[in-house]
Amino acid sequence: MQLWAQDGQTQAQLAAALGVEAPTITKMVARMEAHGLVARHADDADRRASRVYLTAEGKRLKRPVERAWKKLAEEMTAELSERQQGSLRAGLRSAVHNLQG
């Protein structure tokens, strides 16, 4: 999803955006590359850095993944009132903020 928002990010940028360690991103990208979803290319400005780009197959998955996330969110909150859903979102935002800080 990070690459759908901005394709061609470095692995360091992806790690920071996702709040994970560099080795975790390296493994994730390697698995995605093995499945033909992304391709890695050396950065033109910094040959030590690797940029990650979506392949046509990776781009093709955007809509199905978005639909799956939407369906999951609807199922999770189906029996919650609007107020409860708002409280849940606020609580989750606070938890994410706490983890980032």
Side-chain angles (χ1 to χ4, degrees):
M1 294 178 87
Q2 287 294 319
L3 292 174
W4 290 324
Q6 182 183 350
D7 202 14
Q9 294 183 58
T10 65
Q11 291 185 203
Q13 288 171 320
L14 289 170
L18 297 173
V20 299
E21 299 295 323
T24 301
I25 284 295
T26 300
K27 290 176 187 174
M28 290 170 64
V29 170
R31 284 193 303 269
M32 293 174 73
E33 192 172 35
H35 285 89
L37 302 174
V38 299
R40 286 185 272 197
H41 301 286
D43 186 288
D44 292 335
D46 181 358
R47 299 306 255 175
R48 296 170 298 168
S50 177
R51 291 197 173 269
V52 182
Y53 295 90
L54 289 164
T55 62
E57 179 66 15
K59 291 175 183 175
R60 187 187 67 73
L61 290 177
K62 183 177 184 199
R63 296 240 192 285
V65 169
E66 287 175 337
R67 282 193 299 269
W69 276 109
K70 183 178 181 188
K71 182 180 178 188
L72 179 62
E74 289 170 354
E75 290 174 3
M76 285 176 37
T77 60
E79 296 186 21
L80 300 178
S81 68
E82 288 295 320
R83 183 174 179 199
Q84 289 171 320
Q85 289 180 36
S87 294
L88 176 61
R89 280 191 294 277
L92 290 172
R93 276 193 299 272
S94 292
V96 168
H97 177 75
N98 291 341
L99 289 173
Q100 291 173 338

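Q2 meets the side-chain contact (heavy atoms from CB on, under 4.5 Å) test with Q9, L14, A17, L18; sequence neighbours excluded. With sequence neighbours excluded, no residue forms a side chain to side chain donor-acceptor pair (under 3.5 Å) with D44. With sequence neighbours left out, the ring-ring contact (aromatic ring centres under 6.0 Å, His included) criterion links H35 to no other residue.
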Kindly determine whether E33 and R40 satisfy side-chain contact (heavy atoms from CB on, under 4.5 Å), including the steps that lead there. CA-CA 8 Å; E33 192 172 35; R40 286 185 272 197; 2.7 Å; yes

Output, in order, the C-alpha distance, side-chain angles, deciding distance and verdict of side-chain contact (heavy atoms from CB on, under 4.5 Å) for R51 and Q13. CA-CA 9 Å; R51 291 197 173 269; Q13 288 171 320; 3.6 Å; yes

Would you check, one step at a time, whether the test side-chain contact (heavy atoms from CB on, under 4.5 Å) holds for L3 with Y53? CA-CA 7 Å; L3 292 174; Y53 295 90; over 6 Å; no

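Remark: E75 CD is packed, more than 12 non-hydrogen atoms of other residues, nucleotides or ligands lying under 6.0 Å away.
Across all non-hydrogen atoms, the minimal contact from D7 to L54 is OD1-N, 2.8 Å. Residues A49 and T10 come closest through the heavy atom pair CB-CG2, 4.4 Å.
Using a 4.5 Å cut-off between side-chain heavy atoms of Ile, Leu, Val, Met, Phe, Trp and Tyr, L88 falls into a hydrophobic cluster with L80, L92.
The main-chain N or O of S81 is found under 3.5 Å from a side-chain atom of Q84 such that the two form a donor-acceptor pair.
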Please output the side-chain donor-acceptor pairs of residues 24-32 that fall under 3.5 Å, not counting sequence neighbours, one pair per line with the distance.
unit_1 : atom_1 : unit_2 : atom_2 : d
T26    : OG1    : Q11    : NE2    : 3.4
T26    : OG1    : A22    : O      : 3.0

Can you give each donor-acceptor pair under 3.5 Å made by side-chain atoms of residues 59-73, sequence neighbours left out, with the distance rounded to 0.1 Å?
unit_1 : atom_1 : unit_2 : atom_2 : d
R60    : NE     : E57    : OE1    : 3.2
R60    : NH2    : E57    : OE2    : 2.8

